[in-house]
Peer 1: 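Take this structure first; my questions come after.
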Amino acid sequence: MRAVRALWIAWTLLVVAALLALNPKLFSASPLVEPASPEREPLVVIPWRVPPPVAAGSVPSMFRSDGVRSGAAESGPWTGKPRRQWRIDDFNQGIHSASKASAAADETGIYLGSDAGLFVKISWEGERLWSWRVARSQRGIHSTAALVGDLVIMGAYNGRVFALEKSTGQPAWVLPAWGAIGASPLVLAGGDVQLNVESTRTLDGFPLRLDPRTGETRWRGENLREQTHSSSAYDARRDLLVFGTNRGELWAVAGDSGRVVWKIFAGGEIKSTPVIVGDRACVTSWKAEFICVDLEDGSVIDRWELSQHSQGSAALDREGGVLYVLDGGGELAAFKPDKPEPLWRRSVAERGSLASPLFVRAGQRRLLVTACRTTHWCVLDAGDGRELFAADGGGRLTGAPVLHGGRLVLSFDFPGGIERWNFSAP
Amino acid sequence: MTHVLTGLYWEGGGAMAGAFLREGSRVCWSFLPGCEGWAPSFAMTQALAVLMILCGAAATVLFVFRRTSGIAALVLGAAVVAKLAVFLQDYRFMGNYHYMPFWMLAVFAFASRRLEVGVVMLGLFYFFAGLLKFNVEWLSGAAMIRPPVISGKLLEWATALVVVLECVLVFGLWSSRRRLRRAVWLAFAAFHLFSWHIVGFFYPLVMFAMLAFVWFLPSGTVVNWRTWGVRDWALPALFVIAQLIPAFLFPRSAVTGEGRLLALNMFDAKTVCQSSLVWEKGSERVEFPSRVEGLGVRLHCDPQVHWALARSAYCPHLEGGRLGLVLATRLTTDARVDVFRADDLCGGQRPFDLLGGWQ
């Protein structure tokens with residue numbers, strides 16, 4: 001009996017010691033584990049296969065051309081006569097009226113998602129090389145994919161981030177991030193991918209930085225308490241990511257940690273992507289304004305009125321320091337920081353326009369490629385907005401034109417399709 | 001009594017119990033592959049559940065009287081057969097609230113010293129359940145499937161006290177001193193009462209049904225190990241071995257689901273998981289949505305469930321190509337992820353062995 005009692009006491013001491021070892025904070029005020037909340041549920045990456053490391057020197061491709069989101073491209077001399085090479089009908093189905101994804105492009109082809117949830121790679125000759133259809137995404141794919149190394153990374157409106165092998169379309173990883181992704185991924189130096197995700201059940205979202213090879217989260221930023229369709233622009237000098245929310249806030253977070261550096265209330269919903277111009281970030285809003293803020297503290301430096309609210313992103317002529325905006329009233333205007341009046345303004349498109357223009361330096365010419373009229377796309381002189389060329393796409397152009405190596409890709413809403421044009425002389 | 005409770009749970013309180021059989025999908029137990037071929041209809045299954053309730057209730061009454069105890073045993077046997085006929089149809093019926101009563105029934109059927117072995121088995125249930133709680137998931141309170149009325153440091157203390165109750169004080173149930181035995185009994189009763197708002201009505205009531213007889217044991221009852229024969233030792237020994245097998249063969253069984261059918265599953269595994277189902281045919285790929293919905297925390301990340309439901313939902317409708325599944329699972333308090341892969345759901349071999357181990 002004594003032995004049994006001694007054994008029981010020893011066992012009791014062992015149990016207590018084990019409990020204290022597992023929970024050393026039992027007698028302290030701080031919790032053993034920070035309580036999880038529904039808005040901070042752990043992210044779980046689904047790994048299909050591990051792709052090779054991103055090759056040094058590989059050039060990424062992303063929405064609006066680059067990290068500052070300039071929306072600019074270069075081409076050979078402008079001939080004045082673009083030629084259509086091919087057209088694929090009925091790509092977008094008109095499932096919703098928001099802007100459609102733009103193409104990503106590299107030497108082997110273009111990568112594009114539709115509002116019906118189909119993501120494809122098409123060769124420059126117009127042949128469909130592979131396809132990926134997302135599950136349960138009522139609004140398909142809003143965002144424009146990014147190309148990183150051998151991977152194409154895109155977010156769908158079902159809240160999942162997909163990394164697919166560019167050559168085959170095979171999945172590398174899938175990350176269910178949250179409810180929906182309307183913004184486009186940004187590729188940072190070193191290859192990491194940053195994008196903004198949102199909830200569909202609550203008004204909330206957060207920025208995210210990912211390892212492109214594995215989908216593992218580098219950091220998840222603070223909850224925004226509002227949804228966001230705005231893609232981040234990146235200021236490399238300050239390591240700052242700038243993006244907007246549906247509440248009308250403009251946020252700046254540190255690129256290495258996601259820590260909030262500043263945020264301001266811009267006055268109207270921000271659904272577009274900011275552009276980094278020198279020490280400023282410039283963005284359109286639903287307050288029918290185009291503003292530029294100081295990257296140091298978010299204070300508003302420039303403010304211009306638009307004819308109507310806008311969710312298109314500005315295009316930047318770096319050399320001239322000029323920004324071009326197509327607003328919701330169909331007016332295209334040119335702005336220069338520190339100049340209170342636009343350089344010029346011209347009505348080019350119908351009301352309700354959602355598109356973003358593309359600035360093109362074609363040899364000595366400065367051009368704009370933009371949506372115009374109702375279902376047309378146009379080439380305009382960037383100096384005064386004069387129309388130089390127009391063609392009917394059959395549907396509204398709501399995304400952004402993409403130019404790669406003199407080849408122009410346009411994705412139109414239903415009943416238009418995808419078109420590839422030779423834009424300039426080789 | 002547990003059969004009555006089970007039947008009421010399946011028919012009424014446990015909405016899932018009816019729903020998943022009604023829709024025709026099947027998740028076979030790992031040791032019964034191909035159950036889709038022999039499972040009875042939903043109507044028949046409902047009839048079996050009703051039979052189980054009636055036989056369980058009748059046996060409870062008949063056992064009150066000594067002269068009807070023989071008939072009671074036969075009626076109880078019918079209730080057990082009816083329960084097994086439902087239970088074995090689908091892995092989603094798994095749960096401690098069935099596992100433990102099956103062991104107690106085995107004690108009743110095979111042991112010669114039923115009361116003593118029954119008390120010992122009950123003690124072992126709590127003891128091994130307590131051992132499963134030595135982890136951060138439980139001790140932090142993160143394992144709770146619903147938010148309890150207490151939180152923060154109070155919850156951490158409560159979870160630690162439960163471990164002390166189940167691993168240390170539990171031996172009081174085996175005491176010959178009635179006061180001590182009843183004091184420990186009351187502690188367990190309080191624990192189960194408190195757990196009601198977290199786990200629902202069924203589980204605590206099943207525990208009460210098994211615990212009840214301990215309260216009424218006369219003073220002086222001793223678990224006299226020296227007088228036990230093989231029939232008395234066999235079941236507790238088998239039970240202990242059954243708990244140890246997953247611990248050694250499948251150390252992460254709480255996350256992976258491997259070997260879980262052998263042992264108790266306690267609040268050690270609040271898992272989160274994500275799955276990707278991709279059908280590939282040539283250069284076209286389609287990601288299908290997961291068909292795992294509405295399951296409790298013990299099953300919602302189980303690879304056997306994901307695999308079986310994906311197969312039954314999609315394979316009959318796919319022509320050619322390959323349907324692959326990747327399931328990534330982790331505990332909420334541990335960043336380590338376990339990944340289950342099945343490359344060819346429709347054409348490949350079943351990727352689980354008899355114990356549910358991944359192959």
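Convention: sequence-line order gives letters A, B, ...; per-chain numbering from 1.
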Peer 1: Does the side chain of B:Leu217 come within less than 4.5 Å of B:Arg178's, by heavy atoms?
Peer 2: no
Peer 1: Would you call the rings of A:Trp124 and A:His404 parallel, tilted or perpendicular, taking 30° and 60° as the class edges?
Peer 2: parallel
Peer 1: Show me the donor-acceptor pairs, under 3.5 Å and distance only, between side chains in residues 314-325 of chain B and residues at least two apart or in other chains.
Peer 2:
| from | atom 1 | to | atom 2 | distance (Å) |
| --- | --- | --- | --- | --- |
| B:Tyr314 | OH | B:Pro289 | O | 2.6 |

Peer 1: For B:Val136, which atoms come within 4.5 Å of any heavy atom of chain A: side chain, backbone, both, or neither?
Peer 2: both
Peer 1: In residues 152-160 of chain A, which residues are in contact with chain B at a heavy-atom separation under 4.5 Å?
Peer 2: A:Arg160
Peer 1: Looking at chain B, which one of A:Arg136, A:Lys25, A:Lys121 has the largest number of heavy-atom pairs inside 4.5 Å, strictly under?
Peer 2: A:Arg136
Peer 1: Name the member of A:Val134, A:Thr168, A:Leu164, A:Val120 that forms the most heavy-atom pairs with chain B at distances under 4.5 Å.
Peer 2: A:Thr168
Peer 1: With B:Val117 as reference, evaluate B:Val223, B:Leu122, B:Asp232 under the side-chain contact (heavy atoms from CB on, under 4.5 Å) test and give the passing residue.
Peer 2: B:Asp232
Peer 1: Can A:Asp89 and A:Arg87 be counted as an ion pair, charged N to O under 4.0 angstrom?
Peer 2: yes
Peer 1: Any salt bridge between A:Glu107 and A:Arg407, counting N to O under 4.0 Å?
Peer 2: yes
Peer 1: Quick check on A:Leu118 against chain B: is it the side chain, the backbone, both or neither that has a heavy atom closer than 4.5 Å?
Peer 2: neither
Peer 1: Tell me, out of B:Thr159, B:Val278, B:Val164, who's got the most heavy-atom pairs with chain A below 4.5 Å.
Peer 2: B:Val278
Peer 1: Below 4.5 Å, heavy-atom pairs only: which of A:Val44, A:Val174, A:Ile46 has the largest tally toward chain B?
Peer 2: A:Ile46
Peer 1: Do you know which of B:Leu327, B:Val337, B:Val163 has the most heavy-atom pairs with chain A at a distance under 4.5 angstrom?
Peer 2: B:Val163
Peer 1: Under 4.5 Å heavy-atom distance to chain A, tell me which part of B:Ser275 shows up: side chain, backbone, both or neither.
Peer 2: backbone
Peer 1: Measuring from atom CG of B:Leu169 to atom OG of B:Ser175, what distance do you get when rounded to the nearest 0.5 angstrom?
Peer 2: 12.0 Å
Peer 1: Taking the six-membered ring for Trp, are B:Trp228 and B:Trp225 parallel (under 30°), tilted (30 to 60°) or perpendicular (over 60°)?
Peer 2: tilted
Peer 1: Check side-chain hydrogen bond (donor to acceptor under 3.5 Å, both in side chains) between B:Gln243 and all other residues, then give those that pass, not counting sequence neighbours.
Peer 2: B:Tyr99
Peer 1: Might you point out which heavy atoms bring A:Phe119 and A:Ala145 nearest each other, and give the distance in Å?
Peer 2: CZ-CB, 3.7 Å
Peer 1: Taking side chain as everything from C-beta outward and backbone as N, CA, C, O, which of these in A:Leu175 sits under 4.5 Å from a heavy atom of chain B? Side chain, backbone, both or neither.
Peer 2: neither
Peer 1: Side chain from CB out, backbone as N, CA, C, O: work out which of these in B:Phe288 comes under 4.5 Å of a heavy atom of chain A, or both, or neither.
Peer 2: backbone
Peer 1: Between B:Ser290 and chain A, with a heavy-atom cut-off of 4.5 Å, which part of the residue counts as in contact: side chain, backbone, both or neither?
Peer 2: backbone
Peer 1: Check each atom of A:Ser30 against the heavy atoms of chain B and say whether the ones under 4.5 Å are side chain, backbone, both or neither.
Peer 2: backbone
Peer 1: Would you give me the side-chain donor-acceptor pairs under 3.5 Å for residues 2-21 of chain A, sequence neighbours excluded?
Peer 2:
| from | atom 1 | to | atom 2 | distance (Å) |
| --- | --- | --- | --- | --- |
| A:Trp8 | NE1 | B:Val168 | O | 3.1 |
| A:Trp11 | NE1 | B:Cys167 | O | 2.7 |
| A:Thr12 | OG1 | A:Trp8 | O | 2.8 |

Peer 1: Over 60° means perpendicular and under 30° means parallel, so tell me whether B:Phe127 and B:Phe171 are parallel, tilted or perpendicular.
Peer 2: tilted
